[in-house]
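Just follow the structure's listing: the first ligand is 1, and inside any ligand the first atom is 1. Keep in mind it's a predicted model, so treat the numbers as computed, not measured. Keep in mind that the numbers below use all heavy atoms, side chains included, and drop hydrogens, waters and symmetry copies.
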Amino acid sequence: MNINKTVEYIQSKSHAIKPKVGIILGSGLGSFVDVLEDSVSLSYDDLDGFPDAGVSGHEGNLHLGKIHNTEIVICQGRVHYYESGIVDAMKIPVRTLAALGCETLILTNAAGSLMEEATPGSVMLLNDHINFTGVNPLFGEESTQRFVDMNDAYNESMRSTFHSIAKDKNIPLYEGVYIWFSGPSFETHAEIRAAKKLGADAVGMSTVPEVILARHAGMKVAALSVMTNMAAGMSDEVLSHEQTMENADKGIQDLKSLLIRFLELYS
Ligand code: HPA
């Protein structure tokens, strides 16, 4: 796989945009791309090593553009470990963002809340994670670079910027630990009780592999979850994908507004 060719192709199509920030959008956040100015869109189908677009209903487009003076590239659509059992399915997209010049990666996702007070529709900034899957997207990497330091994996200075934006905008912003379960089945009640004892505040099936890949590629990382439901056993709800997405609306609006301001201030 020749990332350089993919990077050259993207650069040839994107009018000399030199993105400093990469974003990977999770479920329900796809419309965020509408805020980009002077944007160019490319289908994953035309990008070597990117996941197939259109499989299992997720979008598959790369968008380049600007918000104020910040040049940005957005992956609209990610693949999850549970879709194929391939743990490094997002390796090429993450490395492509780094090769395009991104120094920062921002990830968004939908998650279940383990915090009583963070009800569906809340937003949580990740300050750490627990990889509960036993797999790692760097399996098979050969150089000693594979032993990636995960100190400050979720950049402290960017977290503090997000908090001050949230304060200005009067948006409640929780902060906590995200635990990665492989899915696709939702968790059992016992798994959520265990996760809580381990120190988790939110549970989900994504993000962690991309964070590991991004730290390996030398990017700073920030990540935000929209709580779409209380985690299994914490309410009477029966969990389903459709129902979890219905609850996400308020959180999606809050997250979008935090992210837009963050990007306006970035440059
Ligand atoms: N568990 C795992 N992933 C999720 C959940 C959940 O409760 N909600 C949204 N994504």
With a 4.5 Å heavy-atom cut-off, do Pro93 and Pro51 have their side chains touching? yes
Do Asn127 and Tyr178 have side chains that get closer than 4.5 Å, going by heavy atoms? no
Atoms of ligand 1 close to Asn229 [distance to a heavy atom under 4.0 angstrom, numbered from 1]: 5 (C), 6 (C), 7 (O), 8 (N), 9 (C)
Could you tell me whether the side chains of His163 and Glu175 share a donor-acceptor contact shorter than 3.5 Å? yes
Contact atoms of ligand 1, heavy-atom distance to Ala110 under 4.0 Å: 9 (C), 10 (N)
Proximal ligand 1 atoms for Gly204, defined as those under 4.0 Å from one of its heavy atoms: 2 (C), 3 (N)
Does a side-chain heavy-atom distance below 4.5 Å link Ser31 with Lys256? yes
Using a heavy-atom cut-off of under 4.0 Å, does the side chain or the backbone of Phe186 touch ligand 1, or both, or neither? side chain
Interfacing atoms of ligand 1 (cut-off 4.0 Å, heavy-atom, Glu187): 1 (N), 2 (C), 6 (C), 7 (O)
Thr228 neighbourhood, listing ligand 1 atoms whose heavy-atom distance to it stays under 4.0 Å: 8 (N), 9 (C)
Test of understanding: given a 4.0 Å heavy-atom threshold, classify the contact between Ala111 and ligand 1 as side chain, backbone, both, or neither. backbone
Using atom types as modelled and distance alone, determine if a side-chain donor or acceptor of Thr133 lies under 3.5 Å from a backbone N or O of Phe181. no
Residues in ring pair (Phe, Tyr, Trp, His ring centres under 6.0 Å) contact with His216, at least two apart in sequence or another chain: none
Run the numbers for me: atoms of ligand 1, each under 4.0 Å from some heavy atom of Met205, listed by number. 2 (C), 3 (N)
